[in-house]
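Following: one structure in structure tokens, then a few remarks.
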Amino acid sequence: MSEFSDLLFSSLNTDTFYANMLEQATDGVMIIDDQNRIVFFNGAAENLWGCAASSVLGHPVDCLLPLQKYLNHQYDTNQHLSDQVDHLPRTGHEITFTRSNGDDVIAEISLSSALIGINHKRYYMIFIKDATEAFYCRKIVTIQNDVFKALADHTDIQNIANMFCHKVEHLVPGTLAILLQISISGSISILSAPHVPDDELLGLNHATLSPSDIQSLGVNPLFARQLIWDKHNTSTGSTKFQNCQAIGLYDNHKNVIGIFSIFSYKNEQITDCSQKILLGCSPSCVAIIENEKNIQKRNQFNALDSLTGLLNRTALTTHLRQMLTQATQTPFAILILDIDLLQDVNNVMGYHNGDILLQTIARRIAAFCHNHHLVARLGGDDFVVILPDADRKKACALAHNLNRITHEPIKIQGRDFITSLSIGISFYPSDGNTVEDILAASEIAMRQAKKQARGSFRFFGKGANSSVRERLVIGSALREALQKKQLYLAYQPQICALSGALCGVEALSRWHHPTLGVIPPSTFIPIAEETGQIEAIGLWSLEKSCEQITIWEQNAIYVPIVSVNMSAVHFGSLDLPEQIVCILKKYNLAPHRLTIEITESVMMRQDPETTANLTAIRNIGVGLSMDDFGTGFSSLSRLAQIPLTEIKIDRSFIEDFENNISSLVVAEAAINIGKRLGIKVVTEGVEHKEQEIKLQELGCDILQGYLYSKPLTAPDFPRWLADFPSRWQHSRAHTPPTNALKHQEQ
């Protein structure tokens, strides 16, 4: 017992039994007198502060903790003295002080006061319970809950890591936190260091741990401190940090996956308490890193084409955009490769075998390019190869070599297949400054190669680009034209060759754009077919023409038949016959007054839908005409199977058939075929009187062309019709009757 302690207990005339009780108490016990001097300091208090009783007895209590501030905060001491209250328990309040080793201690303090001895001298007894560990456990659990809640909410992993580091820095004042991820190869990447200056991270970011470092860290988590501090100091030289503490992080298989570290920027040493905090925070660190690894794996998986294992279109686009953002980016070439045989294999042998072919070609391309060129699958049977720092000569050589690797036979179901690649090549930046432009340029060039000579390659040309841009502009404008009803129909008369009477009109789509002007059908109809708008145009033409002949009839203008062109697309839908019936009913039009014109390509299709539609249309009573007869690949046997009511001889066979015996023979044969089949024959493109006379001699049924009229708008048609009989009769009066006309007159 010190002299102060002896003096106290002897003056109180108290048995040393109680002194021994207080000395051996598990909580810290400190007694101070009315002068704030420490007169008793038990062993638990010595452990709590990390100093001997002899070094504090007789000293003011402020050397250990700011008790006076605490007392004044709790109650007015003067008021307490005047009230002569003997006991003032103050329990459950937390107070923070610093141990001799620099650790902060959070303690629960209880205070009681009593007047002792004859002189009623006041003493204060302070009971102090160490709550540091419980305090930090609560804080660490709160941080962990925040981290796991954010992970469950799918918060961005970078934001979660930054939030975690910020909370740890708040928990350990005077420090900055760094969370590092370590790959299987030992490379270090900084997952989060939100408040650490960039110059202090130079030695850590992209550093690599040696196999011996990984092994040592796998055995001892605290070895992380030496690794991090050494690498940091080696690279930065002069540093603002005083010290660091770190701990290794491991997955469920005990593999090293990261390091969590805190750096002190104050003079105080990082203490043992900080090490415990790091240890307590490690589950949160592991959860963050594991989620980051899962995201990386998922992103990598999402970046790969599932069939070939090459980069997919999304990953390719991302990579190209990154290339274009580089200030020093040199020109590069983009090659789009299309497998010429794939669709045939799919159709004949099934898609499974088509996949085998595609995978084999993909492996060959990837093996040839190694790691020198970026390879991706664009989709379908198209691949992309990016050739850096390229010119036309290098691109030519690569295209030749890529095509050569496909010449080796590929065995599928015991058969050897030899395929080829159609390749399109464009260059950045000469052919485009955006990812979309340069990919489109290569694809245009590839389409040209495929169209002109499969197994070859083509460079992108500006002319092709202009043509494509024109199609895009017209396609977009056509969609708007349908919505704003800018299309209209023109009607070209069809004349009976023998009687000269009007026997019908052909409805023809016309388009006058407000800014582009007149756009011919030869331009917008193919684009409508490519863009899928032809079906809407066909149905619109069908309804509009039926409506028009009923309007004419209401005005005493009788048009026997209207012919409407329908695309092959319409015949793929089984709704077509029902749509025709509804339109006929809507305008109260007899079925025989409508004729549907089809192309030879429709006639040659033998799929069930087309055959059913053709049969159903004839069963309704609507006529069927085959347009442009003789220009395609018509089969006579197929011609006999289709319930046609007429065929139309293409204008190309009568343009010069007075002088061209071959054209005359074909025209005569077509007319004879029609007569043998019992169907009418219509000839288009009649422009000269000589053509009319010859066709009448051959026995053609219906004539159509500029000799009679150009296509007329609906308002112009009645005026033409009113004048037509007189012109026709005048024409006949000066024309000797042909054999056909003589026969008719008889």
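Atom set for the values below is all heavy atoms of this structure, side chains included, hydrogens, waters and symmetry mates excluded.
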Roughly how far, to the nearest 0.5 Å, is the [atom2] atom of [Y] from the [atom1] atom of [X]?
| X | Y | atom1 | atom2 | result |
| --- | --- | --- | --- | --- |
| Leu180 | Ser189 | CG | OG | 8.0 Å |
| Asp338 | Asp382 | CG | CG | 4.5 Å |
| Leu311 | Leu378 | CG | CG | 12.0 Å |
| Met566 | Ile537 | CE | CD1 | 11.5 Å |
| Leu337 | Ile423 | CG | CD1 | 4.5 Å |
| Arg363 | Leu358 | CZ | CG | 10.5 Å |

Among side-chain atoms of [X] and [Y], is any donor-acceptor pair under 3.5 angstrom?
| X | Y | result |
| --- | --- | --- |
| Thr406 | Arg404 | no |
| Ser210 | Asp213 | yes |
| Thr515 | His513 | yes |
| Ser192 | Asn162 | yes |
| Thr208 | Ser187 | no |

Whether over 12 other heavy atoms sit under 6.0 Å from [X] [atom1]:
| X | atom1 | value |
| --- | --- | --- |
| Asp153 | CG | yes |
| Asn252 | CG | no |
| Gln158 | CD | yes |
| Glu578 | CD | no |
| His407 | NE2 | yes |

Checking [X] side chain against [Y] main chain: does a donor-acceptor pair fall under 3.5 Å?
| X | Y | answer |
| --- | --- | --- |
| Ser426 | Ile438 | yes |
| Lys394 | Asp389 | yes |
| Thr155 | Leu151 | no |
| His319 | Leu316 | no |
| Gln181 | Ile257 | no |
| Arg313 | Asp305 | no |
| Asn255 | Asp251 | no |
| Asn403 | Ala399 | no |
| Thr318 | Thr314 | yes |

[X] side chain near [Y] side chain, heavy-atom distance below 4.5 Å:
| X | Y | result |
| --- | --- | --- |
| Phe383 | Ile336 | no |
| Glu200 | Pro197 | yes |
| Val435 | Leu324 | yes |
| Ile425 | Phe460 | no |
| Glu684 | Asp627 | yes |
| Phe571 | Leu614 | yes |
| Val147 | Ile160 | yes |
| Trp540 | Ser509 | yes |

Of all the heavy-atom pairs spanning [X] and [Y], show the shortest one and how long it is.
| X | Y | answer |
| --- | --- | --- |
| Ala445 | Arg458 | CB-O, 3.4 Å |
| Ala395 | Leu335 | O-CD2, 4.3 Å |
| Ala161 | Leu179 | CB-CD2, 4.4 Å |
| Arg454 | Ser422 | CA-OG, 3.6 Å |

**Request:** Could you check Leu249 against Val256 for side-chain contact (heavy atoms from CB on, under 4.5 Å), going step by step and ending with a plain yes or no?
**Result:** CA-CA 6 Å; Leu249 305 171; Val256 178; over 6 Å; no
**Request:** Decide side-chain contact (heavy atoms from CB on, under 4.5 Å) for Ile444 and Arg447; before the verdict, give the C-alpha distance in whole Å, the side-chain angles of both, and the deciding distance to 0.1 Å.
**Result:** CA-CA 5 Å; Ile444 291 169; Arg447 299 293 176 199; 5.8 Å; no
**Request:** Indicate yes or no: does Asp340 engage Lys450 in a salt bridge with an N to O separation below 4.0 Å.
**Result:** yes
**Prompt:** Of the options Ile365, Thr308, Asp355, Ile410, which is the one that meets Thr360 in a side chain to side chain contact (heavy atoms under 4.5 Å, CB included)?
**Reply:** Ile410
**His512 ring center near Tyr488 ring center (under 6.0 Å)** = no
**Message:** In terms of relative ring orientation, are Trp511 and Phe524 parallel, tilted or perpendicular, with 30° and 60° separating the classes?
**Reply:** perpendicular
**Request:** Take the angle between the ring planes of His400 and Phe457 and call it parallel below 30°, perpendicular above 60°, tilted in between.
**Result:** perpendicular
**Request:** Applying side-chain contact (heavy atoms from CB on, under 4.5 Å), run through Ile334 and Tyr428 and close with a yes or a no.
**Result:** CA-CA 8 Å; Ile334 290 187; Tyr428 168 84; over 6 Å; no
**Item:** Partner residues of His166 under the ring pair (Phe, Tyr, Trp, His ring centres under 6.0 Å) criterion, sequence neighbours left out
**Value:** His195
**Request:** Check step by step if side-chain contact (heavy atoms from CB on, under 4.5 Å) holds for Ser625 and Leu644.
**Result:** CA-CA 6 Å; Ser625 174; Leu644 294 173; over 6 Å; no
